[in-house]
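What follows is one structure encoded as structure tokens, with my remarks underneath.
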Amino acid sequence: MVHDAHRHIGVLPAYPFYGGPPVNPDTTARATVKQLIADLDAEGTERALVIPNYGVPDPAIAFSFNELAIEAAQTDDRIRAGLWVSPRPEDEQRTTQALKLAGERGVKALKLSFLLGGRPTDPACRPHLDRIFAVAARHGLVVHVHTSPGAASDIDEVGHLVDWYADQVPVHLVHFGGGMSGHIKLAGSRFFDWITAGKHVYTDLSWAIGFTPRWLVREIERRGIGHDRVLFASDQPWGDFTGEYARLAEATGGGELGDLVFKDTFAALYD
């Protein structure tokens, strides 16, 4: 039995990514709560944080799945909801509506991604970031932020959110940097520096390059900190539950760290 700290709900329209024909790469996307629950049952997933699906360059689609995520959380007590929000000025009205749902039963997180525009250091985004994190603090929510190397999602950019807000609000760095440069920056020092500085920073290893889970576990054991800051996440339908579970189970080797990664840290944040 595992607790999954990051997966999605909602089916996206086909899109012509990278100049090709319209495609649906997220082949296991789920349109209904019933389908999602069937997946949890098949996997043996005991708890899950469910976030709107996104990926096509139209933020309105991601926002449209917020109520579906809440429906899932209010249908089955195993499920917690994350709401899609955006610091882009263009999304101000939709974010205002999303933040009105922050106090709904079952809502435990807010999700940011700069893949659809905006930048942490863009002065036009900062007032909206302040508002998002203020709502998270008021309702006791975790803020999830997508990370991937380069551009606005690079840890050099997203890390500012940890510096500015993680004294008061837990920040979950999704994908642990998302690739080689991000992994090395975080595991090499930055993740542990933030923990030592008292920042409420968390991460998951979905999408992580093969060496990373083993290296991060070794650094946790060597430094004696970070045991309670790493969560299992499948990132379904963009990730693969079976593969993500196997890699992280092998790296943690069971025992106390495995219990924390697969269950206890999720329970501390969301239960």
Side-chain angles (χ1 to χ4, degrees), residues 1-10 28 30 36-37 39-40 43-54 65-66 69-70 72-73 76-85 106-113 136 139-148 158 161-162 166 169-178 182-183 186 191 194-195 199-208 212-213 216-217 220 226-249 251-252 256-271:
M1 302 294 284
V2 301
H3 296 187
D4 185 350
H6 172 206
R7 65 192 298 150
H8 300 277
I9 192 168
T28 59
R30 302 306 186 210
L36 171 68
I37 290 173
D39 285 346
L40 301 183
E43 298 160 359
T45 299
E46 191 176 19
R47 293 282 189 277
L49 181 75
V50 176
I51 293 166
N53 199 7
Y54 75 102
F65 295 139
N66 275 340
I70 292 175
D76 191 322
D77 189 55
R78 290 178 295 176
I79 299 171
R80 308 290 182 258
L83 302 178
W84 181 268
V85 295
V107 173
K108 297 293 183 178
L110 304 176
K111 173 63 182 280
L112 292 172
S113 175
H139 291 281
L141 307 180
V142 180
V143 175
H144 283 230
V145 190
H146 170 89
T147 64
S148 54
V158 173
L161 304 182
V162 179
V169 177
V171 176
H172 179 143
L173 301 173
V174 175
H175 307 315
F176 195 60
H183 297 337
L186 287 170
F191 185 60
W194 280 324
I195 294 171
K199 302 295 185 181
H200 301 289
V201 61
Y202 296 82
T203 195
D204 68 67
L205 291 168
S206 58
W207 294 17
T212 308
L216 179 59
V217 167
I220 287 171
H227 297 75
D228 57 348
R229 304 304 182 92
V230 181
L231 301 105
F232 167 72
S234 71
D235 194 28
Q236 292 274 94
W238 300 101
D240 167 58
F241 182 93
T242 303
E244 298 291 353
Y245 177 84
R247 289 190 306 135
L248 203 49
T252 58
E256 182 181 356
L257 180 57
D259 287 343
L260 285 165
V261 167
F262 286 106
K263 292 196 300 184
D264 295 345
T265 300
F266 183 103
L269 281 177
Y270 302 115
D271 288 343

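Computed from a predicted model, the values in this text were never measured in an experiment.
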Donor-acceptor pair, distance only, cut-off 3.5 Å: does the side chain of [X] make one with the backbone of [Y]?
| X | Y | result |
| --- | --- | --- |
| Arg78 | Leu40 | no |
| Arg80 | Tyr270 | yes |
| Asn66 | Trp84 | yes |
| His8 | Gln236 | no |
| Asp4 | Ala48 | no |
| Thr45 | His3 | no |
| His172 | Val143 | no |
| Arg47 | Lys263 | no |
| Ser148 | Gly178 | no |

Evaluate the side chain to side chain contact (heavy atoms under 4.5 Å, CB included) criterion for residues Leu173 and Trp194: first the C-alpha distance (whole Å), next the side-chain angles of each, then the deciding distance (0.1 Å), finally the verdict. CA-CA 12 Å; Leu173 301 173; Trp194 280 324; 3.8 Å; yes
With rounding to the nearest 0.5 Å, note down the distance linking [atom1] in [X] to [atom2] in [Y].
| X | Y | atom1 | atom2 | value |
| --- | --- | --- | --- | --- |
| Leu216 | Phe176 | CG | CZ | 4.5 Å |
| His227 | Leu260 | NE2 | CG | 8.0 Å |
| Asp264 | Leu269 | CG | CG | 11.5 Å |
| Leu248 | Ser234 | CG | OG | 12.0 Å |
| Leu83 | Leu112 | CG | CG | 11.5 Å |
| Ile79 | Ile70 | CD1 | CD1 | 13.0 Å |

Minimal non-hydrogen separation, [X] against [Y], with atom names:
| X | Y | answer |
| --- | --- | --- |
| Gly82 | Pro52 | O-CD, 3.0 Å |
| Val169 | Ala136 | CG1-CB, 3.9 Å |
| Gly177 | Leu186 | N-CD1, 3.6 Å |
| Asn53 | Pro237 | ND2-CG, 4.0 Å |
| Ala249 | Phe262 | N-CZ, 3.6 Å |
| Gly226 | Ile195 | CA-CD1, 3.8 Å |

Evaluate the side chain to side chain contact (heavy atoms under 4.5 Å, CB included) criterion for residues Phe241 and Thr28: first the C-alpha distance (whole Å), next the side-chain angles of each, then the deciding distance (0.1 Å), finally the verdict. CA-CA 11 Å; Phe241 182 93; Thr28 59; over 6 Å; no
Steps toward side chain to side chain contact (heavy atoms under 4.5 Å, CB included) verdict (Leu36, Asp76): CA-CA 10 Å; Leu36 171 68; Asp76 191 322; over 6 Å; no
Between Phe266 and Tyr202, is a ring-ring contact (aromatic ring centres under 6.0 Å, His included) present by the stated rule, with each step listed? CA-CA 10 Å; Phe266 183 103; Tyr202 296 82; over 10 Å; no
May I ask you to say whether Glu43 pairs ionically with Arg7, meaning some side-chain N is under 4.0 Å from a carboxylate O?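 Arg7 and Glu43: salt-bridged.
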Between Tyr54 and Ser113, do the side chains contain an N or O donor and an N or O acceptor separated by less than 3.5 Å?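 Result is yes, a qualifying pair exists.
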Would Phe191 and Arg229 count as a side chain to side chain contact (heavy atoms under 4.5 Å, CB included) if you check the C-alpha gap in whole Å, the side-chain angles of each, and the deciding distance to 0.1 Å? CA-CA 10 Å; Phe191 185 60; Arg229 304 304 182 92; 3.7 Å; yes
Test applied, ring pair (Phe, Tyr, Trp, His ring centres under 6.0 Å); reference residue, His175; option that passes from His146, His144, His183: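 For His175, the ring pair (Phe, Tyr, Trp, His ring centres under 6.0 Å) check succeeds only for His146.
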